[in-house]
Amino acid sequence: MKKSVKLKITLWITGLVALLTVVLVSMALFISNYVATETIMERMEYVVRGNIKHIQATDTTPVIDEEFLYYQNGISTLVYSRNGSLLAGQLPVNFKTAADFENGIIRTVESGDNKFIVLDMWLPYNLETGFWIRGISDVPDMDYLARYLLMVSAITLPVFTLLAALGSWLIIRKSFRPLDRINATAKAINEAKDLSGRINLTEGDDEFSYLADNFDDMLSRLESSFEAEKQFTADASHELRTPVAVIKSACEYGRKYDETAEEHAETLAVIGRQADKMSALINQLLSMTRMEQGTEKFTFEQLNLSEIVKEFCAEADWEKYNIKVFCDEKVAVKADKALLQRLLYNLVENAVKYGREDGEISVSVTEKGNSAVLTVKDEGEGIPAEHIEKIWNRFYQADPSRNNDSSGAGLGLSIVQQIARLHGGFMTVESTVGKGSAFSLHLPLIRE
Ligand code: ADP
């Protein structure tokens with residue numbers, strides 16, 4: 001492909017230059033021929049008419065004064081009798097024809113191999129007698145000009161054509177270089193199945209360079225999302241493998257050593273907890289994927305965020321914790337109720353998990369400017385600054401040792417953030433180590 005495009009453009013430009021040179025040379029030839037002939041004809045008329053003033057017709061021989069110019073500027077003037085005998089003047093050497101006289105008409109007359117321009121004028125004495133005055137001139141030697149122009153074009157045509165071919169080939173080759181690099185990079189990526197290759201085109205500021213830059217950006221995005229996918233799969237398998245291993249060893253242990261019904265029940269409880277953990281993880285993974293792919297149907301409707309929060313916190317599950325609720329009367333948002341409940345669950349569950357025992361958890365809903373803000377605040381350990389950016393990442397746990405027995409695997413906050421974004425909102429977190437954390441959801445507020 002690349003060869004043919006480069007070659008096509010070069011051939012086109014070269015052909016055009018060659019054609020243009022030929023056309024220009026022919027035009028120059030034609031124009032100079034035309035101009036030279038025109039000039040001679042004008043001169044001829046001027047000389048012949050000028051000479052008429054210096055000749056007087058009589059009934060026998062014309063009287064010619066001394067100002068009569070027999071030869072001037074390549075034009076010979078001759079005087080003939082009525083029947084065509086030469087009375088005065090000298091014929092040009094090669095003019096060997098006895099051309100008929102035609103009064104006042106400039107014309108070309110051939111004599112052997114030579115061409116002449118001829119103008120006759122009738123000078124009457126009376127109705128019967130008079131004289132012919134004839135101007136004769138060589139046709140300008142166009143052969144010489146033509147030979148000269150042909151010689152010039154024999155040199156210029158190949159030189160121009162070569163220059164055009166070379167110049168266009170160099171420019172096109174240079175311009176197409178990024179394309180070659182893009183091709184090579186794409187090929188290398190394809191063959192090595194390695195997304196880390198880049199075109200890295202540093203020079204140039206044209207369309208191809210933009211294409212190369214965009215291509216690099218696209219590769220970076222592809223690479224990082226590919227890496228994230230790989231990481232996600234590895235993390236998910238790892239998280240699932242742990243409870244499976246616990247279940248397997250509990251089964252083995254139980255089979256070998258459990259004797260009493262209590263011991264069996266104990267083993268089954270371990271297995272049950274691990275199965276619950278797996279099931280929770282699988283549910284989380286599924287809902288994340290569905291949200292991402294948009295396969296789960298949501299119903300976004302106008303809701304009172306305060307009402308949802310109050311309803312949620314009043315559920316029996318949370319009774320044993322010290323949860324305080326502060327809500328504005330009515331804070332309207334457009335949201336999917338089930339998703340909001342899932343978000344609330346994850347935030348409150350974290351506040352319980354990472355909060356101080358007997359510490360207070362406060363859940364509030366307020367209006368701030370054009371936003372509805374839902375905040376879940378705890379009085380726990382807080383999150384060290386070096387972890388705070390990463391807690392939203394999938395499977396990220398600031399301190400995995402604290403989470404051994406719970407169902408969490410570092411997906412909760414990632415889901416929370418996904419839900420916030422699905423609603424056109426975002427999450428923020430404020431945390432002080434040793435004092436506690438506050439997670440806030442910001443949603444566009446609906447005003448009535
Ligand atoms: P999980 O709770 O399953 O570990 P999350 O995505 O919910 O996963 O949270 C990620 C990490 O963020 C947690 O492991 C924890 O280190 C930190 N974190 C989340 N919520 C809080 C909180 N309220 N206080 C302190 N740390 C928290």
Side-chain angles (χ1 to χ4, degrees), residues 228 231-232 234-243 246 273-292 309 312-313 317-318 320-326 339-364 373-422 425-442:
Q231 188 61 43
F232 179 72
D235 290 341
S237 337
H238 174 79
E239 291 298 329
L240 284 170
R241 212 180 297 136
T242 316
V246 177
R273 275 202 300 277
Q274 294 303 321
D276 284 346
K277 191 171 176 174
M278 283 176 73
S279 145
L281 181 62
I282 290 168
N283 282 340
Q284 278 182 322
L285 286 173
L286 270 178
S287 73
M288 272 178 88
T289 319
R290 284 199 197 120
M291 268 195 277
E292 239 162 48
V309 168
F312 177 85
C313 293
D317 282 1
W318 308 114
K320 52 183 179 289
Y321 304 108
N322 186 7
I323 297 182
K324 297 266 176 333
V325 182
F326 307 93
L339 283 181
L340 278 189
Q341 282 170 336
R342 203 182 302 171
L343 175 142
L344 261 169
Y345 182 91
N346 288 358
L347 289 181
V348 175
E349 193 198 28
N350 277 353
V352 168
K353 250 186 340 193
Y354 305 106
R356 181 162 53 85
E357 226 173 298
D358 301 329
E360 189 183 282
I361 296 170
S362 77
V363 183
S364 64
V373 183
L374 155 70
T375 305
V376 179
K377 196 166 171 233
D378 64 57
E379 296 176 336
E381 284 295 306
I383 306 161
E386 68 266 27
H387 294 294
I388 207 118
E389 287 286 318
K390 300 177 199 151
I391 53 169
W392 308 102
N393 295 347
R394 294 160 171 181
F395 295 110
Y396 190 84
Q397 294 183 308
D399 181 6
S401 61
R402 295 191 55 182
N403 211 357
N404 265 351
D405 277 346
S406 80
S407 58
L411 287 177
L413 286 180
S414 178
I415 292 175
V416 163
Q417 196 174 49
Q418 217 176 353
I419 294 174
R421 286 182 183 157
L422 262 178
F426 60 94
M427 291 298 304
T428 54
V429 58
E430 276 172 41
S431 186
T432 315
V433 175
K435 280 197 157 174
S437 317
F439 286 84
S440 299
L441 161 74
H442 304 253

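Atoms within a ligand are numbered from 1 in the order they appear, just like the ligands themselves.
Of the candidates G382, G410, G436, the one placing a heavy atom closest to atom 3 (O) of ligand 1 is G410. Comparing L281, V433, N350 by heavy-atom distance to atom 7 (O) of ligand 1, the nearest is N350.
Residue R394 places every heavy atom at 4.0 Å or more from ligand 1. Ligand 1 has no atom lying under 4.0 Å from any heavy atom of G380. Under a 4.0 Å heavy-atom criterion, N346 is not in contact with ligand 1.
The shortest heavy-atom contact between G382 and S437 is CA-OG, 3.5 Å. Here the shortest heavy-atom pairing between L413 and L347 reads CD2-CD2, 4.0 Å.
The aromatic rings of F312 and W318 lie tilted to each other, with the angle between the two planes from 30° to 60°.
Note that NZ of K324 is 13.5 Å distant from OG of S364, once rounded to the nearest 0.5 Å.
Atoms of ligand 1 found under 4.0 Å from any heavy atom of F439 (numbered from 1 in listed order, with element): 20 (N), 21 (C), 22 (C), 23 (N). Close approach of ligand 1 to L411 (heavy-atom distance below 4.0 Å) involves ligand atoms 6 (O), 8 (O). Those atoms of ligand 1 that come under 4.0 Å of a heavy atom in Q397, given as number and element, are 1 (P), 3 (O), 4 (O), 14 (O).
Under 4.0 Å from ligand 1, not a single heavy atom of H387 appears. Neither the backbone nor the side chain of W392 has a heavy atom within less than 4.0 Å of ligand 1. Contacts of A409 with ligand 1, taken as heavy-atom pairs under 4.0 Å, involve the backbone alone.
Using a 4.5 Å heavy-atom cutoff, the side chains of L411 and F395 are in contact.
By the side chain to side chain donor-acceptor pair (under 3.5 Å) test, H387 is found to be paired with Y396, residues two or more places apart in sequence or in another chain being considered.
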